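First the proteins, then the strands, lettered A, B, ... as listed; each starts at 1. None of the values given here were measured: they were computed from a predicted structure. Basis for what follows: all heavy atoms, side chains included, without hydrogens, waters or symmetry-related copies.
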There are 4 protein chains.
Amino acid sequence: MFKKTTDTKADILKVALQLFLQKGYKNVSYQDIVKKTGLSKGAIYHYFTSKEDLLASVFTFLLSTTGQPDTEGLENRVKDIESFRKVFIRTKTEQIKGFTELTGDPSIKFNKVLFFLEAINESEELKKVIRELMQTEIEFLKRCFLSLKNHGQLPQGKDAVVLAENLYWILQGKETLMLFMPDEIIAGSFIKMYHKTVKDFFKNL
Amino acid sequence: MFKKTTDTKADILKVALQLFLQKGYKNVSYQDIVKKTGLSKGAIYHYFTSKEDLLASVFTFLLSTTGQPDTEGLENRVKDIESFRKVFIRTKTEQIKGFTELTGDPSIKFNKVLFFLEAINESEELKKVIRELMQTEIEFLKRCFLSLKNHGQLPQGKDAVVLAENLYWILQGKETLMLFMPDEIIAGSFIKMYHKTVKDFFKNL
Amino acid sequence: MFKKTTDTKADILKVALQLFLQKGYKNVSYQDIVKKTGLSKGAIYHYFTSKEDLLASVFTFLLSTTGQPDTEGLENRVKDIESFRKVFIRTKTEQIKGFTELTGDPSIKFNKVLFFLEAINESEELKKVIRELMQTEIEFLKRCFLSLKNHGQLPQGKDAVVLAENLYWILQGKETLMLFMPDEIIAGSFIKMYHKTVKDFFKNL
Amino acid sequence: MFKKTTDTKADILKVALQLFLQKGYKNVSYQDIVKKTGLSKGAIYHYFTSKEDLLASVFTFLLSTTGQPDTEGLENRVKDIESFRKVFIRTKTEQIKGFTELTGDPSIKFNKVLFFLEAINESEELKKVIRELMQTEIEFLKRCFLSLKNHGQLPQGKDAVVLAENLYWILQGKETLMLFMPDEIIAGSFIKMYHKTVKDFFKNL
DNA sequence: AATGAATGAGCGTTCATTCAT
DNA sequence: AATGAATGAACGCTCATTCAT
């Protein structure tokens with residue numbers, strides 16, 4: 001019967017997120033949000049005290065719905081390179097799926113990065129959040145590589161921790177490169193890139 | 001003598017660059033530039049037809065003064081890992097020196113990245129420029145690694161090209177990580193990071 | 001009760017119209033409108049998306065409140081020259097009364113024409129509107145003259161349509177001439193001129 | 001060998017006139033004049049103390065080069081309706097030729113009127129000039145009609161002076177109507193209209 | 001919970017004008 | 001005679017924000 005508060009709030013968050021990712025934080029005005037939500041300016045101010053507050057909320061919302069890597073029984077699931085690859089790709093696939101569902105856009109655009117940086121620029125607080133997010137991702141890879149090491153799957157003399165970090169940055173770099181491409185990039189292309197990069201990484205070990 | 005046209009124009013460019021790097025493109029107003037240059041709004045419009053024109057000019061100016069890697073006789077200068085490291089670090093040192101001199105700021109801030117992304121977001125053209133810039137850097141590393149390979153300095157079965165790319169992204173990633181740190185980062189810290197990363201990279205080869 | 005939206009909007013329209021007629025469209029700034037309405041810039045933009053939109057609205061407003069000639073039972077009311085003159089003058093009197101009430105100014109100034117031309121110059125659309133307005137006025141005169149003809153009040157061999165058109169332009173011309181006079185012209189003078197011109201026109205037939 | 005002062009001054013006047021007639025006075029900036037003359041801003045200020053001064057000069061220039069009706073031996077040249085028509089059309093043809101040569105544009109645009117009104121709006125002085133110009137034109141027609149009357153070419157009871165005035169305004173009105181048409185109007189169309197209007201006028205007398 | 005009228009600071013930009021050379 | 005660098009007021013417009021209802 002009645003629309004619940006949380007629904008309206010979530011609606012605003014979703015719309016704001018989509019707009020921020022599409023055009024960048026600075027380039028989105030209340031006018032845009034009003035138009036896309038169908039609500040009034042006042043309504044938005046009812047839920048968020050300022051644009052900065054809205055930004056922070058959107059960000060938390062984004063992070064909360066982005067799936068965290070599943071580390072349950074990781075040591076048993078990552079026994080060799082092939083199983084690592086499977087686990088890693090599945091994790092990434094889910095993250096991307098969550099992200100594109102949230103934004104209602106199957107493509108991932110350059111503006112995504114712009115939005116992240118703008119957001120971070122607004123508050124020192126967010127810098128920390130993002131740093132921790134990075135650490136979580138690296139940590140996940142580290143645990144995978146240590147598992148591989150324990151299963152005797154890494155060549156002699158290789159440092160699992162350094163390898164994990166290296167792979168993380170290589171993947172990040174290639175992701176960035178893709179965002180710089182002139183054409184639109186659909187989510188699936190990322191998965192393919194992850195596949196290939198991991199494969200090359202181990203081949204060259 | 002009298003102040004020459006080019007001086008004023010260069011003054012504006014320098015001030016604009018510094019402000020853009022400090023606060024981000026969108027956050028810099030003509031008012032800011034006016035205050036810092038001591039000129040009038042009209043004077044700036046005398047030299048640049050719009051803010052976007054100013055941005056593009058600042059960008060070209062930045063790139064033109066950033067030293068390109070010196071590839072002269074690279075095969076003779078890069079004979080083993082130690083000589084590679086020396087050549088690489090010197091190149092980077094010079095680039096950073098040029099950059100900090102230009103900005104008049106010995107530290108390198110997070111906003112630097114923000115400015116780059118905002119600029120790129122304004123024109124598809126800049127995307128291409130940046131892509132090419134990346135390619136130049138990677139190319140330089142590739143030539144170094146091929147030289148190492150020719151001198152028999154790379155382990156059997158290693159692909160010089162893949163290694164070069166990997167190192168490039170790892171360095172980029174660590175650079176990014178540094179920019180996310182809460183404290184100000186002076187240029188020297190970057191050099192130290194380059195040193196350590198290259199060393200670890202080869203140790204783990 | 002409370003002030004209704006339409007009041008504010010109408011207030012703005014009225015003030016804008018008065019200013020436009022006083023100084024010409026280009027010479028009226030938002031500042032002027034702000035000062036005279038007592039509202040803020042933002043408030044005006046709340047109702048009109050741009051100065052051009054305001055102009056178009058003012059124009060429609062002006063035309064809508066300017067009484068259209070009453071053609072009800074015209075054939076019975078216009079039986080001879082004297083009755084035509086009465087009908088015509090009454091129509092004009094009402095139009096002028098409506099106009100001066102709208103502008104809050106009993107005089108009609110040269111700037112009125114300037115405003116019209118500037119407005120027309122802004123959009124091809126308005127050209128059409130004005131053309132149609134002219135046609136309506138001429139049509140009214142034609143119907144009057146045809147009625148006169150049917151009542152046998154026009155000399156042999158006279159073309160009612162041509163006569164109507166001629167009278168229209170002669171009246172327009174004299175109106176224009178009056179606007180070029182150095183002194184202020186009060187609305188009543190127009191009526192006198194209409195009287196005399198129509199009289200002379202028929203005398204000379 | 002050397003370009004004479006007057007040449008430069010005349011160049012500026014011509015360019016300014018063309019621009020004013022094309023776009024209206026308010027819509028022409030020094031920038032436009034600079035671009036079209038190839039001179040510098042300073043040069044224009046060297047010859048004209050302000051934009052208003054330039055406008056006044058342009059106007060005098062326009063009027064001085066517009067041929068005045070030739071009244072030499074008019075009584076002998078205007079003996080009947082046909083000869084009147086010939087004389088009148090020739091006069092108008094020359095005026096229009098002079099005008100289009102001056103503007104370098106074979107078409108006559110709506111903006112022409114706008115420019116006139118804007119100019120007049122700038123100074124009360126010009127109002128007088130234009131009034132006198134109108135009077136000259138009407139005077140010319142009056143002398144023609146009196147000549148016709150003297151040659152017994154006007155019907156009994158017709159007032160030559162009133163007829164002349166009427167014809168003047170009818171022609172003016174039709175001219176105005178043409179300027180409101182959406183399509184471009186070449187000079188020749190005006191001549192045709194003059195022909196037809198004069199013919200109709202006498203036919204309906 | 002939600003509306004939308006109203007604010008006012010600030011934005012990028014245009015413009016006529018001045019003046020040292 | 002002519003240049004063009006520099007000025008600064010004013011312009012139309014956008015924006016996040018407030019608040020009475």
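- The distance from atom OH of D:Tyr45 to atom P of E:dC15 is 12 Å, rounded to the nearest whole Å.
- Between the D:Lys51 side chain and the D:Val28 main chain, a donor and an acceptor come within less than 3.5 Å of each other.
- For the pair A:Lys51 NZ and F:dT14 C1', the computed distance is 11 Å after rounding to whole Å.
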- request: Represent DNA chain E in dot-bracket notation, 5' to 3'. Only Watson-Crick or G-U wobble pairs with both distances under 3.5 Å count; pseudoknot-style crossings use [ ] and interstrand partners use |.
  value: .||||||||||||||||||||

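- Regarding contacts with the backbone of F:dA6, a side-chain N or O of B:Thr8 is found under 4.0 angstrom from either OP1 or OP2.
- Using a 4.5 Å cut-off on side-chain heavy atoms (C-beta onward), A:Pro182 and B:Glu124 make contact.
- Computed from coordinates, the A:Asp53 CG to F:dA16 P distance equals 14 Å when rounded to whole Å.
- Counting heavy atoms from C-beta outward, D:Leu117 and C:Phe110 have side chains that approach closer than 4.5 Å.
- In this structure, of F:dA1, E:dT17, E:dA6, it is F:dA1 that holds the atom nearest to the side chain of D:Tyr47.
- A cation-pi contact, defined as under 6.0 Å to the ring centre and within 45° of the axis, is absent between C:Lys26 and D:Tyr25.
- Computed from coordinates, the B:Leu54 CG to E:dC11 P distance equals 15 Å when rounded to whole Å.
- Whole-Å rounding puts the D:His46 NE2 to E:dC19 P distance at 16 Å.
- In this pair, B:Tyr45 and B:Tyr30 present their aromatic rings parallel. The plane angle is below 30°, not in the 30 to 60° band.
- Rounded to whole Å, atom P of F:dC13 lies 8 Å from atom CD of C:Glu52.
- Residues C:Leu62 and C:Phe20 form no side-chain contact, since every pair of their non-hydrogen atoms from C-beta on lies 4.5 Å or further apart.
- Within residues 19-43 of chain B, the residues having any heavy atom under 4.0 Å from DNA chain F are, by residue number, B:Leu39, B:Ser40, B:Gly42, B:Ala43.
- In terms of heavy-atom proximity, D:Ser40 sits nearest to D:Val34 at C-CG2, 4.0 Å.
- A cation-pi arrangement is present between D:Lys9 and D:Phe48, with the terminal nitrogen or guanidinium carbon under 6.0 Å from the aromatic centre and inside a 45° cone about the axis.
- In this structure, D:Asp11 atom CG and F:dA1 atom P are separated by 15 Å, rounded to whole Å.
- Distance A:Ile44 CD1 to F:dC19 P: 18 Å, rounded to the nearest Å.
- Between C:Leu114 and C:Glu118, some side-chain heavy-atom pair lies under the 4.5 Å cut-off.
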